[in-house]
Amino acid sequence: MLSGDVPPNQTIYLRNLNEKLKKEELKRSLYALCSQYGRILDLVALKTSKLRGQAWVVFSEITAATNAFRGLQEFEFYGKKMQVQYAKTKSDCIAKEDGTYAPKEKRKKQEEKAAEKKRRAEESQQTGPNAAAAQSNGFGNQASRQGKVPQEEAAPPNNILFIENLPRETTDKMLQLLFQQYPGFREVRMIEAKPGIAFVEFEDDSQSNVAMMALQGFKIAPEYPMVITYAKK
DNA sequence: AGCACA
């Protein structure tokens, strides 16, 4: 079965995530990406040896989780296709809400993991500057590897997105159709003298971020995964 | 591949 035999759950389990990301950035990007499907109650991502590359996203409604399950299956996220399943168990934040939270059962597990926590504390000190450099362009790295997009420092969040690696035949109409499905969309601007790039404006940073996460790597033509970054101020 | 709740 597609779901891997795990029955629907209001929490989705994501794996095959890019392990090089800092936990904060991973969570922030996942939050932006997943919140288009519904309200997120909690998002758990750990970088222990056993749990890196995975995350749990807890939605307020099972329908939202189902939509995310479908919509994000194989979604290319920071250069890797994410695999989506339903979580095998109920998330603590849900259990606490419905009164079924049983901390007792967890104590054994927590003891088992105490040793691992120490290890992780050591590991987290190792995630240094080279890790940050490797991820500077986030999703766009396939395109960057092809040499089509110069590697640059990531710009800080902005309500205006900068789109690169577009095929020459791209029109502003095409981009408008793509981007207008996300809330806060304002307009697309292309410069005739500069083919292959465009600016897309949203009302605010968080709305532009949602669109960026959703359309990152989208291919208007087979060889051209679009690379979206924040425009420079 | 991996199923947690810093």
Side-chain angles (χ1 to χ4, degrees), chain A residues 1-129 131-132 134-135 138-139 141-142 213 216-217:
Chain A
M1 205 189 263
L2 278 174
S3 62
D5 284 349
V6 183
N9 187 308
Q10 73 192 86
T11 300
I12 54 170
Y13 168 68
L14 305 174
R15 59 172 191 81
N16 199 37
L17 303 174
N18 190 321
E19 299 180 6
K20 284 181 285 195
L21 290 184
K22 279 172 289 183
K23 195 170 64 179
E24 297 72 33
E25 183 178 358
L26 177 66
K27 290 177 90 167
R28 186 161 41 78
S29 294
L30 281 177
Y31 195 95
L33 178 66
C34 295
S35 54
Q36 60 184 311
Y37 298 101
R39 193 158 70 90
I40 295 170
L41 301 180
D42 198 12
L43 202 160
V44 176
L46 312 191
K47 287 194 84 179
T48 59
S49 52
K50 202 178 168 188
L51 294 174
R52 65 185 56 154
Q54 298 151 76
W56 289 261
V57 183
V58 187
F59 287 98
S60 63
E61 307 290 339
I62 199 160
T63 52
T66 300
N67 289 334
F69 178 94
R70 293 187 191 133
L72 294 176
Q73 199 61 260
E74 304 262 284
F75 179 83
E76 189 158 327
F77 187 65
Y78 289 93
K80 304 193 73 180
K81 287 188 176 174
M82 60 166 70
Q83 302 300 320
V84 189
Q85 294 166 31
Y86 292 109
K88 285 179 180 167
T89 59
K90 188 188 285 184
S91 295
D92 280 2
C93 73
I94 306 298
K96 281 172 186 163
E97 206 53 47
D98 67 17
T100 58
Y101 181 59
K104 251 188 185 175
E105 294 171 22
K106 293 179 55 187
R107 279 186 198 146
K108 287 178 212 159
K109 284 186 185 175
Q110 282 174 349
E111 280 166 29
E112 284 168 21
K113 271 147 207 170
E116 185 133 340
K117 285 187 180 183
K118 283 178 197 165
R119 224 172 296 143
R120 190 173 47 79
E122 290 157 17
E123 282 166 16
S124 64
Q125 289 172 340
Q126 293 172 2
T127 48
Q135 77 190 29
F139 305 82
N141 40 25
Q142 327 116 292
M213 294 304 141
Q216 193 64 261

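Residue numbers start from 1 in every chain, and the chains themselves are labelled A, B, ... in the order their sequence lines are given, proteins ahead of strands.
- Picking from dA4(B), dC3(B), dG2(B) the nucleotide with the shortest atom distance to the side chain of Q85(A) gives dC3(B).
- Applying the side chain to side chain donor-acceptor pair (under 3.5 Å) test to pairs two or more places apart or on separate chains, those with a residue in residues 57-72 of chain A are T66(A)-Y86(A).
- Side-chain proximity of L51(A) to the nucleotides dG2(B), dC5(B), dC3(B) is greatest for dC3(B).
- Taking for each of A45(A) and Q54(A) the nucleotide of DNA chain B with the nearest heavy atom, the 5'-most of the two is the partner of Q54(A).
- Here dA4(B) presents its P atom at 20 Å from CD1 of I40(A), a figure rounded to the nearest Å.
- An aromatic stacking contact links Y13(A) with the base of dC3(B), defined here by ring centres under 5.5 Å apart and ring planes under 30° from parallel.
- Here dC3(B) presents its P atom at 18 Å from CG of L43(A), a figure rounded to the nearest Å.
- In this structure, N9(A) contributes its side chain and T89(A) its backbone to a donor-acceptor pair below 3.5 Å.
- When the P atom of dC5(B) is taken as reference, atom NZ of K47(A) falls 17 Å away, rounded to whole Å.
- Between Y101(A) atom OH and dC5(B) atom P there is a gap of 9 Å when expressed in whole angstrom units.
- Qualifying salt bridge (charged side-chain N to carboxylate O under 4.0 Å, His left out) partners for K90(A), counting only residues two or more places apart in sequence or in other chains: D98(A).
- Counting distance only, with no hydrogens placed and no angle test, the side-chain atoms of T48(A) and the base atoms of dA4(B) include no donor-acceptor pair under 3.5 Å.
- Interatomic distance, L30(A) CG to L14(A) CG, rounded to the nearest 0.5 Å: 6.0 Å.
- Between W56(A) atom CH2 and dG2(B) atom P there is a gap of 11 Å when expressed in whole angstrom units.
- Atom NZ in K96(A) sits about 7 Å away from atom C1' in dC5(B), given to the nearest Å.
- The V6(A) side chain lies nearest to dC3(B) when the options are dC3(B), dC5(B), dG2(B).
- Atom CD in E19(A) sits roughly 13 Å away from atom P in dG2(B) (whole-Å rounding).
- Considering all non-hydrogen atoms of both residues, A65(A) and F59(A) come closest at CA-CD1, 3.6 Å.
- Nearest to the side-chain atoms of D92(A) among the listed nucleotides dG2(B), dC5(B), dA4(B) stands dC5(B).
- The nearest whole Å value for the distance from the NZ atom in K23(A) to the P atom in dA4(B) is 16 Å.
- In this structure, K90(A) reaches the bases: a heavy-atom distance under 4.0 Å links it to at least one base atom across the strands shown.
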